[in-house]
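Have a look at the structure below before the remarks.
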Amino acid sequence: MSQIPIAPGSCPATCPPSGIFQQFRQPTGWMGWGIGQLMALKNRSRSEWVIDLIQVQPEDRILEVGFGSGADIRRASALATHGFVAGIDHSAVMVQQARNRNAKAIQAQRVDLQCAAADAIPYADANFDKIFAINVAHFWTQPLEVLAELRRVLKPGGLIALAIQPRTPNATEETSQQTGEFLVNLLNTADFEQVRLHTQFIPPVSVVCVLGIKN
Ligand SMILES: C[S@@+](CC[C@H](N)C(=O)[O-])C[C@H]1O[C@@H](n2cnc3c(N)ncnc32)[C@H](O)[C@@H]1O
């Protein structure tokens with residue numbers, strides 16, 4: 001496996017920092033709201049595959065980073081029936097949409113959603129059994145700083161899962177493969193253990209998901 005360098009913009013799935021891609025990076029306004037609804041519809045198979053990989057247990061305390069529409073918060077909380085699911089997203093529009101989608105669970109205090117950035121997570125140390133982020137890590141300009149923050153809120157022995165399906169123009173299977181290598185290098189460099197890569201073909205190109213354990 002080759003070593004893809006960890007530097008701002010070096011993730012092979014990095015999107016251009018303008019146009020419609022900006023709306024996926026941080027949805028705003030009515031267009032951002034619409035993109036959230038579209039993601040809830042279109043990303044289902046990808047999300048179900050990733051959530052299967054993290055094997056949610058009834059008592060799990062889970063954090064999703066960059067929850068977008070909140071559809072995966074709902075999926076995870078349906079499985080963590082006696083646990084707790086938290087989420088952060090830096091888009092105020094997505095926080096509102098995800099709160100609407102999870103209103104009952106929020107009311108029951110089984111879900112908590114906050115507007116926050118991935119490098120400043122508003123939860124205490126060693127709080128979660130599992131953390132996942134789907135199509136978010138390629139937006140991080142300082143990924144090692146974010147990983148240090150995710151380690152802080154993860155319990156010792158806790159699981160992290162970073163999944164990406166490259167959506168850049170002209171993305172190919174090679175882009176997915178290189179993105180997987182980048183994520184493996186990222187988790188190893190951030191001192192996670194038992195780092196492993198899973199790949200699943202879901203059109204238009206394969207999704208990669210890298211899992212690691214906090215020692
Ligand atoms: C492409 S969307 C993916 C949404 C969802 N995970 C999915 O797969 O449908 C990326 C989401 O991550 C959020 N996001 C991107 N970078 C972030 C950061 N540094 N901190 C918090 N949220 C971030 C965006 O606001 C957006 O809602």
Side-chain angles (χ1 to χ4, degrees), residues 8-9 11 13-54 62-77 85-102 111-123 130-150 152-153 160-169 171 176 179 183 186 200 202-210:
C11 175
T14 300
C15 299
S18 59
I20 190 70
F21 293 107
Q22 189 53 29
Q23 281 290 354
F24 287 93
R25 177 184 296 270
Q26 189 168 25
T28 54
W30 61 266
M31 189 183 278
W33 184 273
I35 279 175
Q37 302 291 21
L38 190 71
M39 291 192 289
L41 276 177
K42 301 274 285 181
N43 297 343
R44 182 184 182 131
S45 323
R46 183 174 83 195
S47 295
E48 288 178 347
W49 177 67
V50 175
I51 289 173
D52 260 11
L53 282 176
I54 66 171
I62 298 176
L63 173 69
E64 182 180 9
V65 177
F67 49 67
S69 71
D72 297 339
I73 295 282
R74 196 165 61 184
R75 287 189 180 98
S77 69
V85 179
I88 59 144
D89 197 296
H90 65 180
S91 158
V93 174
M94 289 300 90
V95 173
Q96 192 52 56
Q97 188 175 116
R99 283 184 178 157
N100 292 355
R101 209 167 246 116
N102 291 277
V111 164
D112 182 57
L113 303 179
Q114 298 291 330
C115 192
D119 58 3
I121 295 174
Y123 294 105
K130 290 170 184 163
I131 296 178
F132 71 100
I134 307 177
N135 266 36
V136 182
H138 55 309
F139 293 123
W140 297 336
T141 50
Q142 302 292 342
L144 288 172
E145 284 178 18
V146 172
L147 265 289
E149 181 65 346
L150 298 183
R152 180 185 70 74
V153 297
I160 186 166
L162 302 180
I164 297 181
Q165 182 178 38
R167 301 313 303 268
T168 43
S176 294
T179 301
L183 291 175
L186 184 60
Q200 174 79 14
I202 297 173
V205 293
S206 290
V207 188
V208 292
C209 181
V210 177

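What you see is a predicted model, and the numbers here were worked out from it, not measured in a lab. The first residue in the sequence is number 1, and the count goes up from there. Just follow the structure's listing: the first ligand is 1, and inside any ligand the first atom is 1.
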Using a 3.5 Å distance criterion without hydrogens, assess whether the side chain of [X] forms a donor-acceptor pair with backbone atoms of [Y].
X	Y	answer
Arg101	Ile73	no
Glu64	Ala86	no
Glu145	Asp119	no
Gln165	Arg46	no

Contact (N/O only, under 3.5 Å) between [X] and ligand 1:
X	answer
Ile134	yes
Arg46	yes
Val65	no
Ala118	yes
Ser47	no
Asn43	yes

Practice item. Specify the protein heavy atom at minimum distance from atom 25 (O) of ligand 1: its residue, its atom name, and the distance to 0.1 Å. Key: Asp89 OD1, 2.6 Å

Review point. Atom 12 (O) of ligand 1: which protein heavy atom is closest, and how many Å away?
Key: Gly66 CA, 3.5 Å

[X] near ligand 1, heavy-atom distance under 4.0 Å?
X	answer
Arg167	no
Ala116	yes
Ser69	no

Closest contact, heavy atoms only, [X] versus [Y]:
X	Y	value
Cys11	Ile164	SG-CD1, 4.2 Å
Phe67	Asp89	N-OD2, 3.2 Å
Leu186	Pro143	CD1-CB, 3.7 Å
Tyr123	Gln114	OH-CG, 3.3 Å
Met39	Gly68	CE-CA, 4.4 Å
Leu183	Ala137	CD2-CB, 4.3 Å

Going by the atom numbers of ligand 1, which of them fall below 4.0 Å from some non-hydrogen atom of [X]?
X	answer
Gln26	25 (O)
Pro27	24 (C), 25 (O), 26 (C), 27 (O)
Glu64	6 (N)
Ala117	20 (N), 21 (C)

Quick one: look at [X] and ligand 1, take heavy-atom pairs under 4.0 Å, and tell me if it's side chain, backbone, both or neither.
X	value
Val136	side chain
His90	both
Ala40	neither

Exercise for review: Name the option, out of Gln23, Arg25, Met94, that contains the heavy atom nearest to atom 24 (C) of ligand 1.
Suggested key: Arg25

Practice item. Have a look at Phe24, Trp140, Phe132 and point out the one with the heavy atom closest to atom 26 (C) of ligand 1. Key: Phe24

**Study point:** side chain to side chain contact (heavy atoms under 4.5 Å, CB included) between Gln23 and Thr28, intermediate numbers included
**Key:** CA-CA 7 Å; Gln23 281 290 354; Thr28 54; 3.3 Å; yes

Check your understanding: Hey, are the side chains of Gln96 and Trp33 touching, using non-hydrogen atoms and a 4.5 Å cut-off?
Key -> yes

